[in-house]
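Below, chain A is the first sequence line, B the second, and so on; all start at residue 1.
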Amino acid sequence: MPTDSKADGFVVFDHVQKSYDGDTLVVKDLNLNIGKGEFLTMLGPSGSGKTTCLMMLAGFETATHGEILLDGKPINNIAPHKRGIGMVFQNYALFPHMTVAENLAFPLEVRKMGKSVREEKVQRALDMVQMGSFGGRRPAQLSGGQQQRIALARALVFEPELVLMDEPLGALDKQLREHMQFEIKRIADNLGITVVYVTHDQTEALTMSDRVAVFDDGRIQQLAPPDQLYEKPENSFVAQFIGENNTLEGVVESIKDGTALVKLDNGELIDTVPVNVSAAGERTKVSIRPERVEYNKERLQEGAHTLKAEVLEFIYMGDIFRTRLRVAGNEDFVVKTRNAPDQVRLKPGETIEIGWLPEDCRALDA
Amino acid sequence: MTETTQDGPMLAADGTPLKKSLRRALRAQKLRALGLIAPLLIFVLISFVAPIVDMLFRSVENQIVSDTLPRTVVALRDWDGEGGEAPGDEIFKALTYDFIVAAERKEHTRLGSRLNYEMTGISSLFRKSGRRVDDIGEDYLDQFKDLNDAWEEPATWVAMMASEGWVADQVAWSEARAAAKSADQDFETPEPAFALRPGVAKALPETADIYSAFARTIQTQDEDSPTEEEPWNPVYMALFNDLASNPDAASAFSGDVAALLSEAAAAVGNFETISPKDAFLDADEDWGDPMVWSTIKAFAPSYTSGYFLSAVDLQLTASGVQPQDEDQQIYMLLFKRTLFMSLMIMFSCILLGYPIAFLLSNLPMRQSSLLLILVLLPFWTSLLVRTSSWKVLLQQQGVINDILVWIGLVADDNRLVMINNQFGTIVAMTHILLPFMILPLYSVMKTIPPSYVRAAKSLGATDWTAFWRVYFPQSVPGIGAGCILVFILAIGYYITPELVGGTTGTFISNRIAYHISSSLNWGLAAALGTILLAVVLILYWVYDRIVGIDNVSLG
Ligand SMILES: Nc1ncnc2c1ncn2[C@@H]1O[C@H](COP(=O)(O)OP(=O)(O)OP(=O)(O)O)[C@@H](O)[C@H]1O
Ligand SMILES: [Mg+2]
């Protein structure tokens with residue numbers, strides 16, 4: 001929904017750096033504009049600095065350099081409790097000595113709201129996460145998923161405009177996680193709040209977000225809506241990190257008319273879209289998604305480049321077939337094909353020819 | 001019948017009831033567990049539980065009076081002590097018999113010390129009388145001797161009192177001894193225990209009683225034989241009394257003894273009588289003090305509440321429980337002071353320990369382990385050294401006073417008194433017990449994830465609210481554990497108050513130690529200890545009711 005509103009910059013990270021020990025930068029030059037009402041996910045491997053960014057935004061860590069703006073105002077010197085940012089912690093951080101209702105009433109109490117207002121808001125928040133009858137319980141008497149919902153309700157009950165969530169679903173099993181992803185997304189859309197969501201689960205990131213910021217090594221590697229992230233990765237880290245990916249290494253022969261001719265290491269030539277390469281002679285990693293590879297000649301376009309491939313393994317997975325091939329020396333080249341009635345079932349040892357559309361094949365940094 | 005099998009107990013695979021086979025399986029486990037703890041259990045039982053039970057028993061046990069003065073205790077039963085008069089001759093007579101036995105067995109001084117706890121002066125009274133009691137009855141001996149020299153002969157007495165069986169045994173024994181002697185062999189067998197002739201106890205009851213006590217005493221005490229020893233003087237008094245009340249006593253005897261006895265029975269009417277009461281009063285006037293007698297009577301039963309009453313500043317008299325003399329009321333004060341000071345120490349430990357524990361659990365690893373070592377440092381030095389160093393610091397010519405005088409806060413002639421009083425004790429013990437507060441607090445605080453406080457702040461709580469509403473409640477179990485540790489340790493502490501407490505800063509435990517090692521009044525020490533134990537248990541119970549013992553955690 002709000003990709004167009006990102007320009008108004010509800011939350012702005014402006015050249016933010018962070019170091020804990022004075023030796024290494026955990027966050028290196030972070031620039032990020034988050035629009036009002038946007039659902040932005042920070043995705044990245046462990047230790048890439050996601051939590052650190054969130055903590056700086058929430059006020060529990062100070063930026064070593066740069067500025068963070070919230071609604072246009074710098075917040076570097078505002079104490080955490082005055083920022084009015086809701087937060088859901090990875091371990092939920094529900095206060096164990098308070099009941100669920102007391103947990104939810106806590107932010108209202110510290111805001112000096114009257115008892116009746118408090119009770120009404122708590123009940124509304126509980127109903128919102130479908131936990132209306134659990135107010136009297138202690139957190140320890142709830143299941144993981146229920147605790148998660150209470151944590152969500154508590155972060156929302158004081159009606160913050162910005163909510164931060166740090167791997168809130170990390171501890172849940174797959175089914176519950178999927179259910180909660182849906183719930184969180186639904187509630188966030190209903191309330192129109194801005195959400196900064198941290199995860200290292202790419203499926204979660206892709207299914208929930210308006211935009212995803214892929215973190216690695218303290219930098220944002222790519223910031224894009226999920227479909228673009230998947231289909232048009234801007235560097236080989238993103239291509240590798242998001243979804244399944246086949247990589248072929250080679251050298252750029254020439255770039256012409258938006259097409260780069262790449263000579264693979266075994267001497268074969270292919271057409272690619274130049275993304276991160278600018279001149280002939282550069283080394284490159286060519287990325288093709290497994291489902292965009294075709295070995296049924298009839299489905300290939302006229303004049304498409306083809307490569308020889310040897311079938312190593314054929315796995316029947318129900319809805320799809322997954323075939324592992326040896327292509328240009330790469331033994332982990334995977335092809336996924338839909339289980340259609342006319343689809344050929346390959347046998348190990350067979351030699352076939354594969355091809356793809358040039359625009360599905362991206363020449364990225366080596 | 002199929003129905004019953006269906007409703008009956010669940011069966012294991014081999015057909016035995018499931019419960020039974022489960023129990024069998026568990027029994028092996030239990031036995032193994034028991035085997036593992038057995039060494040410790042036995043050690044604790046022998047070296048700890050048994051002595052404690054014995055100590056608790058001592059706080060009520062009081063057999064010494066009835067064991068040492070059996071006749072007197074019986075005679076005193078009818079004495080009511082009213083009228084402020086010492087008892088009459090009857091009771092002094094019983095006392096004479098008890099006392100001669102006790103004095104010969106050297107038990108009268110022990111009893112004297114015991115009763116001295118209840119009334120000062122009894123100890124010296126007993127000691128003095130012990131030396132004189134053998135004189136009582138000497139006049140009777142002289143008069144019997146004047147009548148017939150045979151009364152002085154041990155053989156006369158044996159013939160009169162001993163059973164024929166014993167005489168025969170004794171003869172056989174002395175022959176065996178003589179034989180062994182001539183053969184130059186060791187002869188260890190003791191003389192056969194003296195046995196009274198049947199009927200004597202009826203004809204001459206007092207004499208029989210005291211003579212057999214005499215015989216047994218010299219046999220066991222001095223390894224002497226009644227055949228060689230002249231009876232104690234009070235035996236003659238008993239004989240006089242018996243003959244005076246039963247002139248026909250000779251009829252129970254025959255031969256020489258009967259003749260002797262009838263001669264004596266005829267003569268006793270003209271004997272000069274001596275009052276045992278006068279004899280005792282002559283030895284020490286205090287025997288005329290009814291207080292002595294009411295003390296003996298009050299402590300006559302085998303079990304007494306006297307120690308416990310003393311421990312709460314009451315005293316037991318013949319006429320019931322009364323408050324202790326004003327100037328001797330000390331224990332309630334000490335109990336109150338012990339409780340008060342232990343609480344003070346506990347609170348100062350919380351005040352000082354909480355921030356340290358907080359710091360410990362929130363500092364980065366390296367600093368916190370350094371700090372932890374500093375916290376544990378006191379454990380590496382001896383308790384005595386630590387306590388003594390407080391003496392050096394706090395005394396009037398000590399370091400702190402010197403500094404205060406130097407910076408001019410305190411005048412040189414008006415130095416602060418900070419040691420040998422409550423202040424000194426509280427300071428030194430707070431220092432010593434602080435680690436016992438810090439460690440449980442630390443181990444509980446370490447388990448509180450920092451995300452709780454962060455969550456509270458993100459929800460809008462100020463630092464203080466986040467601490468007070470979220471962090472503090474979760475650290476309460478640590479405070480509880482620390483409080484219990486510190487309070488229980490403090491309430492029984494002994495060395496530090498002894499060294500730095502002076503007179504106003506000592507604890508009840510110092511008094512207990514005094515009674516154990518100096519005054520040797522173990523019964524009172526045991527009673528004080530029992531009360532202390534009870535107080536701790538009650539406080540523990542109260543704590544459980546208020547805070548809940550589940551709320552105590554060591555991490
Ligand atoms: N309090 C701290 N002191 C020192 N270094 C820290 C601290 N917190 C994090 N780091 C370091 O900063 C880097 C980034 O940590 P951060 O917690 O932001 O990672 P993350 O992306 O959230 O990882 P994860 O997915 O595992 O949660 C890591 O290398 C980590 O070791
Ligand atoms: Mg993290």
Report task. Could you check B/R454 against A/E61 for salt bridge (Lys or Arg N to Asp or Glu O under 4.0 Å), going step by step and ending with a plain yes or no? Result -> CA-CA 11 Å; B/R454 289 186 164 181; A/E61 297 290 350; 3.6 Å; yes
**Report entry** Residue A/M113 excluded, over 12 heavy atoms near CE under 6.0 Å
**Finding:** yes
Report task. For each of B/P449, B/A466, B/A456, tally heavy-atom pairs with chain A at distances under 4.5 Å, and name the one with the top tally. Result -> B/A456
Requested in this report: Decide side chain to side chain contact (heavy atoms under 4.5 Å, CB included) for A/I85 and B/S458; before the verdict, give the C-alpha distance in whole Å, the side-chain angles of both, and the deciding distance to 0.1 Å.
Outcome: CA-CA 6 Å; A/I85 299 176; B/S458 80; over 6 Å; no
**Report entry** Portion of A/L94 that has a non-hydrogen atom of chain B nearer than 4.5 angstrom
**Finding:** backbone
Query - Proximity breakdown for A/F60 and chain B, heavy-atom pairs closer than 4.5 Å - result: both
Requested in this report: For chain B, find which of A/M98, A/K82, A/R83 contributes the most heavy-atom pairs closer than 4.5 angstrom.
Outcome: A/M98
Query - Options A/E109, A/M55, A/H81, ranked by heavy-atom pairs under 4.5 Å with chain B, top entry - result: A/H81
Report summary line: When the 4.5 angstrom heavy-atom criterion is applied to A/Q90 and chain B, the contacting part is neither
Requested in this report: Verify, without hydrogens or angle tests, whether A/H97 (side chain) and B/R469 (backbone) share a donor-acceptor contact under 3.5 angstrom.
Outcome: yes
Requested in this report: Select one option (side chain, backbone, both, neither) describing which atoms of A/R111 are under 4.5 Å from chain B's heavy atoms.
Outcome: side chain
Requested in this report: For residues A/V110 and B/T465, report the shortest heavy-atom separation together with the two atoms involved.
Outcome: CG1-CG2, 3.9 Å
Requested in this report: Would you check, one step at a time, whether the test side chain to side chain contact (heavy atoms under 4.5 Å, CB included) holds for A/N91 with B/Y452?
Outcome: CA-CA 10 Å; A/N91 59 1; B/Y452 286 134; 6.0 Å; no
Query raised in the report: Around B/F379, counting heavy atoms of other residues, nucleotides and ligands shown, do more than 12 lie under 6.0 Å from its CZ?
Result: yes
Query - Minimum heavy-atom distance B/A455-A/A93, with the two atoms named - result: CB-CB, 3.8 Å
